[in-house]
Amino acid sequence: MKTSQLLIPTLRDDPGEAETVSHRLMLRAGLIRKVAAGIYTYLPLGLRIIRKIEQIIREEMTRAGAQELLMPIASPAELWKETGRWDYYGKELLRFKDRHERDFCLGPTHEEVITDLFRREVRSYRQLPLNFYQIQTKFRDEIRPRFGLMRGREFIMKDAYSFDLDEAGAKVSYQNMYDAYTRIFTRCGLTFRAVEADTGLIGGDVSHEFMVLADTGEALVAYSDQGSYAANLERAEVLPPTEADTTALLPLTPIATPQRRTVEEVTAFLQITPRQLVKTLLYRAGTESVAVLIRGDHEVNEVKLARLLKVTDVALADPETVQRLTGCPPGFAGPIGLQQVRILADWAVRGVTNVVIGANKADTHYQNANLDRDFTVEEFADLRNAQAGDPSPRGPGVLTLARGIEVGQVFLLGTKYSQKMNATILDEHGKERLAIMGCYGIGVGRTAAAAIEQHHDDKGIIWPFPIAPFHLHLLTVSQSEKTTSTATRLYSELAAAGFDVLWDDRPDRAGVKFNDADLIGIPFQIVVGDKGLADGIVEMKIRRGGTKLRVAPGDLVAHIRTLCSETDPPVA
RNA sequence: CGGGGCGUAGCGCAGCCCGGUAGCGCGCCUGCUUUGGGAGCAGGAUGUCGGAGGUUCAAAUCCUCUCGCCCCGACCA
């Protein structure tokens with residue numbers, strides 16, 4: 001295609017609204033434009049990238065035996081009420097009424113719709129396993145959309161749903177998708193890691209997230225430096241401490257700590273380290289309040305806490321509640337004499353002696369508090385975030401933390417949806433059984449954004465070849481008849497050889513074209529101009545690394561073929 | 001929802017404190033020259049100053065309300 005016929009509104013300046021690299025470059029390279037917060041138009045170049053990623057997804061989903069269908073964006077409330085998610089999903093679910101005052105929502109995910117289809121249309125185990133997928137626009141009314149396509153409200157998602165007769169089959173389907181995702185992200189040229197994940201609102205038992213490693217990622221990943229263990233920090237397990245602290249117990253002593261509330265303030269005031277202090281945090285979990293004891297140098301993992309308490313959500317108690325339960329303002333709560341709530345503790349609290357704790361009295365702490373002697377704990381559990389240096393919970397090594405962008409997630413759902421919606425099939429004995437389900441998502445736009453986060457330099461984007469909007473960027477830097485005719489010939493030769501070619505045929509100066517080309521980031525630039533043609537060559541520039549080559553026009557196709565096969569990632 | 005910031009030409013911004021005919025750079029249009037890393041000269045077009053109300057002889061500027069957007073946090077496939 002020719003630049004003169006495409007809308008590619010590149011920007012010289014960084015738009016003020018964008019902070020992250022991918023958001024900025026997507027706007028500057030003319031890939032997207034914002035319509036409202038978290039809602040974007042894909043311009044021609046941006047759409048081509050989306051389509052390339054979709055194509056890779058389709059090929060791999062087909063290879064994995066999944067079949068494509070397309071569900072509606074709007075779905076009726078009744079289906080959501082069947083599973084309870086009409087109430088449970090909260091404000092993220094965008095609801096509206098039709099002209100008959102019937103409740104509808106825009107689909108944030110499609111378990112209900114696909115399960116409804118399945119129960120109506122599939123009767124026999126002979127038809128299983130089944131895996132349906134679609135690539136479709138989703139809507140989630142996110143609290144805070146941000147970073148362009150990274151966290152939009154409206155976004156393109158590939159979602160797949162598997163149905164099996166039994167657990168064993170479901171696990172095969174799950175692994176099958178896991179493998180397909182690995183191929184997809186590899187083909188997209190991404191450095192990623194599959195990590196164990198929490199299941200959140202979707203539910204189910206087993207889940208992995210595919211994380212593209214990047215400093216701008218919103219998620220934290222803990223992984224073993226030597227073994228294969230890797231998990232989202234929300235999920236990463238921490239083993240109980242193995243060594244007992246045998247320090248001699250000292251007498252419990254109250255101590256005035258005026259206005260010292262935080263771990264930093266108290267430890268600085270008493271000249272102790274954070275691990276010599278045990279925090280007492282009051283949480284609201286459903287209708288209950290609980291106290292959580294945790295070492296001063298640790299952080300409570302609220303996902304773990306919620307899972308232990310079997311609630312969907314926990315939050316720190318507000319100051320009034322703290323005052324009511326402990327008799328003092330926040331900052332001085334402690335386990336001694338705490339009557340009205342259950343006291344839970346992280347494993348690590350068992351391994352420390354002579355610690356500082358709050359005294360449930362304003363401006364007062366205790367020193368040398370000791371478990372069992374001075375206070376008791378109802379239950380110990382893994383309640384903290386893993387930290388760098390913690391031993392890997394499974395396999396060798398210690399944990400390292402890194403940031404990641406979640407581009408995909410796979411879930412083994414079990415019967416969570418099939419049970420609520422009564423999606424049954426007949427087994428070989430003619431008996432009804434609940435289908436075992438899995439679901440699998442990929443954020444298409446987010447994958448594009450993640451690719452930019454991983455592949456760019458100070459001049460612009462450097463697209464991995466397989467998802468580049470075009471393979472080759474033909475730049476004519478002279479307006480002469482000779483240059484134009486050579487370019488015209490090359491343009492059709494390269495297209496005939498199977499390459500997607502963008503020809504910058506604008507009458508602009510060379511510098512403008514070079515800068516735009518670097519910004520847009522097509523992997524190979526081919527520069528045709530009078531200067532080179534006088535020597536009988538055209539110039540090739542490899543965007544990644546900037547290597548320049550001089551090639552005779554007649555050798556160009558063969559040359560690019562060789563280069564492509566050497567490029568990392570290779571042509572699919 | 002809490003905290004912070006911003007809405008002035010297509011983009012980036014100044015002007016606002018201290019009220020007095022709306023500016024700069026880039027881009028855009030016309031012409032000429034130029035043409036291998038964001039050209040030069042000359043001429044030109046483009047604004048409900050986010051919106052509503054108020055104060056005032058006079059509001060981009062002061063006051064009130066409101067809408068939108070960005071960032072941090074809470075939240076989240």
Side-chain angles (χ1 to χ4, degrees), chain A residues 7 9-20 23-24 27-28 30 33-39 85 89-93 107-111 138-148 150-153 155 157-161 181 197-204 207-211 218-219 232 234 302-303 306 312-316 318 405-411 413 439-444 446 459-460 475-480 483 504 506-519 525 527-535 537-539 541 546 548 550:
Chain A
L7 181 66
T10 55
L11 303 174
R12 288 195 182 199
D13 301 313
D14 281 330
E17 69 183 54
E19 303 260 323
T20 50
H23 188 194
R24 225 167 51 218
L27 289 167
R28 278 195 60 204
R33 284 295 183 264
K34 185 177 70 186
V35 176
I39 299 177
R85 287 208 292 186
Y89 217 107
K91 287 189 173 173
E92 238 182 279
L93 187 65
T109 176
H110 278 67
E111 285 79 9
K138 296 279 185 279
F139 199 98
R140 296 184 186 177
D141 202 358
E142 295 277 354
I143 293 171
R144 182 150 88 85
R146 58 185 133 177
F147 308 150
M150 200 70 87
R151 180 170 293 280
R153 291 194 290 172
F155 59 101
M157 177 178 180
K158 188 286 304 179
D159 46 323
Y161 306 88
Y181 275 35
D198 188 58
T199 51
L201 277 178
I202 300 290
S207 179
H208 286 86
E209 288 167 329
F210 287 76
M211 293 284 192
E218 293 182 82
N232 190 313
E234 292 177 346
E302 295 183 358
V303 173
T312 58
D313 193 24
V314 297
L316 277 170
D318 54 59
I405 300 163
E406 181 204 334
V407 289
Q409 186 164 12
V410 292
F411 298 82
L413 293 172
C439 73
Y440 317 93
I442 290 178
V444 178
R446 190 184 282 184
K459 291 178 185 301
L475 311 172
T476 41
V477 294
S478 314
Q479 303 305 313
S480 69
T483 291
D504 190 344
R506 296 174 300 174
D508 292 83
R509 298 171 70 86
V512 172
K513 297 189 175 194
F514 291 144
N515 282 306
D516 270 355
D518 287 345
L519 175 61
Q525 296 169 16
V527 181
V528 183
D530 291 348
K531 228 162 95 178
L533 291 179
D535 297 341
I537 60 105
V538 297
E539 196 174 278
K541 177 175 149 185
K548 289 179 183 170
R550 292 159 67 84

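Per chain, numbering begins at 1; letters A, B, ... match sequence-line order. Worth knowing before you read on, the calculation uses all heavy atoms, side chains too, and leaves out hydrogens, waters and symmetry mates.
Here A:Arg509 reaches the OP1 or OP2 of B:A39: one of its side-chain N or O atoms lies under 4.0 Å away. Between A:Arg144 and B:C76 there is no side-chain N or O to OP1 or OP2 distance below 4.0 Å.
A gap of 48 Å separates the P atoms of B:G36 and B:G73, to the nearest Å. Nucleotides B:G20 and B:A58 are separated by 14 Å at their P atoms, to the nearest Å. The same atom, C1', is picked in B:A60 and in B:G23; the two are 12 Å apart, to the nearest Å. To the nearest whole angstrom, the two P atoms, one in B:G43 and one in B:G51, are 33 Å apart. Spacing of C1' atoms, B:C62 relative to B:G19, comes out at 8 Å, to the nearest Å. Taking atom P on both B:C16 and B:C6, the two are 14 Å apart, rounded to the nearest angstrom. On the C1' atoms, B:C24 is 30 Å away from B:C63, given to the nearest whole Å. Taking atom C1' on both nucleotides, B:U21 is separated from B:G5 by 32 Å, rounded to a whole Å.
A donor-acceptor pair is defined here as one N or O able to donate and one able to accept, closer than 3.5 Å; such a pair exists between the side chain of A:Arg33 and the backbone of A:Pro9. A donor-acceptor pair is defined here as one N or O able to donate and one able to accept, closer than 3.5 Å; no such pair exists between the side chain of A:Thr476 and the backbone of A:Gly529. Not a single donor-acceptor pair under 3.5 Å links the side chain of A:Thr10 to the backbone N or O of A:Arg28. At distances below 3.5 Å, not a single donor-acceptor pair connects side-chain atoms of A:Tyr440 with backbone N or O atoms of A:Lys158. Remark: side-chain polar atoms of A:Asn232 are paired, donor with acceptor, to backbone N or O of A:Glu234 under 3.5 angstrom. Between the A:Arg446 side chain and the A:Glu406 main chain, a donor and an acceptor come within less than 3.5 Å of each other. No donor-acceptor distance shorter than 3.5 angstrom exists from the side chain of A:Tyr89 to the backbone of A:Pro108, with no hydrogens or angles considered. Listed for the A:Lys513 side chain is a donor-acceptor partner under 3.5 Å among the backbone atoms of A:Arg506.
With distances taken from any side-chain atom of A:Ala37 to the nucleotides B:C69, B:C1, B:C76, the minimum falls on B:C69. Closest contact between the side chain of A:Arg151 and the listed nucleotides B:G38, B:C76, B:G36 involves B:C76. When distances run from any side-chain atom of A:Asp13 to the nucleotides B:G12, B:G38, B:C1, the shortest one goes to B:G12. With B:G36, B:G37, B:C11 as the choices, the nucleotide that has an atom nearest any side-chain atom of A:Lys459 turns out to be B:G37. Taking every side-chain heavy atom of A:Glu302 into account, B:C75 is the closest of B:C69, B:C75, B:G36. In this structure, the nucleotide among B:G36, B:C69, B:G38 sitting nearest to the side chain of A:Phe514 is B:G36.
Of the nucleotides present, B:G5 is the one that pairs with B:C69 by Watson-Crick or G-U wobble criteria, both distances under 3.5 Å. Nucleotide B:C11 has B:G25 as its partner under the Watson-Crick or G-U criteria, with both atom distances under 3.5 Å. B:A52: Watson-Crick or G-U partner is B:U64, with both key distances under 3.5 Å. Remark: B:A45 base-pairs with no nucleotide; criterion is Watson-Crick or G-U wobble with both hydrogen-bond distances under 3.5 Å. If you check B:A39 for Watson-Crick or wobble pairing at under 3.5 angstrom, you find it paired to B:U33.
Residue-level contact check: A:Lys34 touches the backbone only, with heavy atoms under 4.0 Å from sugar-phosphate atoms and none from bases. Heavy atoms of A:Phe147 sit under 4.0 angstrom from primed sugar atoms or phosphate atoms, though from no base atom. Among the atoms of the strands shown, base atoms are found under 4.0 Å from some heavy atom of A:Gly532. Across all strands, A:Gly529 comes closer than 4.0 Å to base atoms (heavy-atom distances). A:Asp516 comes within 4.0 angstrom of a nucleotide base, judged by non-hydrogen atoms across all strands. Among the protein residues, A:Gln479 comes within range of no part of the nucleic acid, since none of its heavy atoms lies under 4.0 Å from any strand. Contacts of A:Lys91 with the nucleic acid, taken as non-hydrogen atoms under 4.0 Å apart, are absent. Within 4.0 Å of A:Arg33, counting heavy atoms only, lies no atom of the nucleic acid at all. Residue A:Lys158 is classed as having no contact, given no heavy-atom separation below 4.0 Å to the nucleic acid.
As a whole-Å value, the separation of A:Glu142 CD from B:C69 C1' is 17 Å. Rounding to whole angstrom units, CD1 of residue A:Ile39 and P of B:C70 are separated by 10 Å. Regarding A:Asn515, its CG atom lies at a distance of 16 Å from the C1' atom of B:C11, rounded to whole Å. Across the protein-nucleic acid pair, A:Gln525 atom CD and B:G36 atom P stand 17 Å apart, rounded to whole Å. Between A:Glu92 atom CD and B:C76 atom P the separation is 8 Å, expressed in whole Å. Going from atom CD1 of A:Ile143 over to atom P of B:C71 covers 15 Å, rounded to whole Å. Protein atom CG of A:Leu316 is 9 Å distant from nucleotide atom P of B:C75, rounded to whole Å. Distance, A:Glu218 CD to B:C75 C1': 11 Å, rounded to whole Å.
Donor-acceptor pairing under 3.5 Å, judged by distance alone, is present between the side chain of A:Asp518 and the base of B:G37. Looking at A:Arg146, its side chain has no donor and acceptor atom pair within 3.5 Å of the base of B:C70.
The 5' end of RNA chain B is approached more closely, in terms of each residue's nearest nucleotide, by A:Leu533 than by the other of A:Leu533 and A:Val314. Annotation: of the two residues near RNA chain B, A:Glu19 and A:Val527, the 5′-most nearest-nucleotide partner is A:Val527.
The side-chain contact (heavy atoms from CB on, under 4.5 Å) test with A:Arg146 singles out one residue from A:Glu218, A:Glu19, A:His23, and that residue is A:Glu218.
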